[in-house]
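Before any comments, here is the structure.
Atoms within each ligand, like the ligands themselves, are counted from 1 in listed order. None of these values were measured; they are calculated from a predicted model.
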Amino acid sequence: MSLFQHAIVRRPCPQLAEGLTSVDLGKPDIQIALQQHRLYIAALQICGLEVDILPEDFRFPDSVFVEDVALCTSRCAIITNPGAPSRNGERNLISSTLEKYFNDIEMIDFPGTLEAGDVMMAGEHFYIGVTGRTNEAGAKELVKLLYKYDFSASLVPLTSFLHLKTGVSYLENNNLLVYGELEDHPAFQKYNRFVVPKEEAYAANSVWVNGKVLMPHGFPKTIQAVKEMGYPVIELELSEFQKVDGGASCLSLRF
Ligand code: CIR
């Protein structure tokens, strides 16, 4: 596996409380969110990444979830076409930043929609969730682009998750966290899987960064399982992002 050198994040904006959500955990507090975000950046830096911090954008309440607007691979970057109407304009904010790091930049376009929270990289293979945000046309456009860069890809149709990575995280070395509708999915049987218990569902979205795993604080069984897989864990308070359906991976692009 290759190590990441860079991350891109975007500061949360005061309108974060107007972000899309499917849970009833109250409204995020922007001051606490900013502090949690600073510690998230520090965790990426501890993992050796140089972090490019983009300014908040008050026009887009969900723009802190920068993972959804681009897929960054070792060979190219692909700007997505978010399926949530309130988030679609976020795709226009990222290209100048990506141009600093990538010679090859591709785009997903209508009728295809795609959010990169639906894309999970496992070595040279990419799993693409088909969800309310990523339609089949968008997923197929992405497959074509990935093949162009000598990667492989496959589609994972989903029924209940917001995004694919809501319920599955690849932690390298054949290790996987998996939850809910993906527990018995044939595509993931070949991995060494830890099935995340229902009460810890939020921890199914954890993120491997250069040998360490960034995980939300407060999910002891899953954290213990990841430690037993051999990874140092960095626990992060992400409560304010959880209130608007955001998890550990959503807050950065890593490459
Ligand atoms: C949304 O619904 O789009 C945001 N409130 C949360 C996005 C989370 N992103 C991710 O899982 N990659």
Is [X] in polar range of ligand 1, meaning some N or O pair under 3.5 Å apart?
X	value
T166	no
R87	yes
V244	yes
F65	no

Can you pull out the closest protein heavy atom to [atom]? Residue, atom name and distance to 0.1 Å, please.
atom	value
atom 10 (C) of ligand 1	C250 SG, 2.8 Å
atom 4 (C) of ligand 1	D62 OD1, 3.3 Å
atom 2 (O) of ligand 1	R133 NH2, 2.8 Å

Exercise for review: Mark yes or no: R193 above the aromatic ring of F188, with NZ or CZ under 6.0 Å from the six-membered ring centre and no more than 45 degrees from the axis.
Suggested key: no
Within less than 4.0 angstrom of ligand 1, does [X] place any heavy atom?
X	result
D245	yes
D68	yes
K165	no

Practice item. Could you tell me how the ring of W208 sits relative to the ring of F4: parallel (under 30°), tilted (30 to 60°) or perpendicular (over 60°)? Key: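 The arrangement is perpendicular - the two ring planes meet at more than 60°.
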Which donor-acceptor pairs under 3.5 Å do the side chains of residues 102-114 make with protein atoms, sequence neighbours left out?
| residue | atom | partner | partner atom | Å |
| --- | --- | --- | --- | --- |
| E106 | OE2 | K148 | NZ | 2.7 |
| E106 | OE2 | Y149 | OH | 2.6 |
| D109 | OD1 | R91 | NH2 | 3.3 |
| T113 | OG1 | R133 | O | 3.0 |
| T113 | OG1 | N135 | N | 3.2 |

Revision key, fill the gap. A student checking ligand 1 against E67 at a 4.0 Å heavy-atom cut-off should list atoms 12 (N)
Point to revise | Which of the ligand 1 atoms, numbered from 1, are nearer than 4.0 Å to a heavy atom of G117 | key: 12 (N)
Check your understanding: How about S249 and E67: does a side-chain donor come under 3.5 Å of a side-chain acceptor?
Key -> yes
Point to revise | L251 side chain reached by L238 side chain, heavy atoms, under 4.5 Å | key: yes
Point to revise | Any side-chain heavy-atom pair of H217 and I223 under 4.5 Å | key: no
Point to revise | Check ion pair E240-K243 (N to O, under 4.0 angstrom) | key: yes
Check your understanding: Can you pull the side chain to side chain donor-acceptor pair (under 3.5 Å) pairs that have at least one residue in residues 2-28, sequence neighbours excluded?
Key ->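 For residues 2-28, and leaving out neighbouring residues, the side chain to side chain donor-acceptor pair (under 3.5 Å) pairs sorted by first residue read S22-D245.
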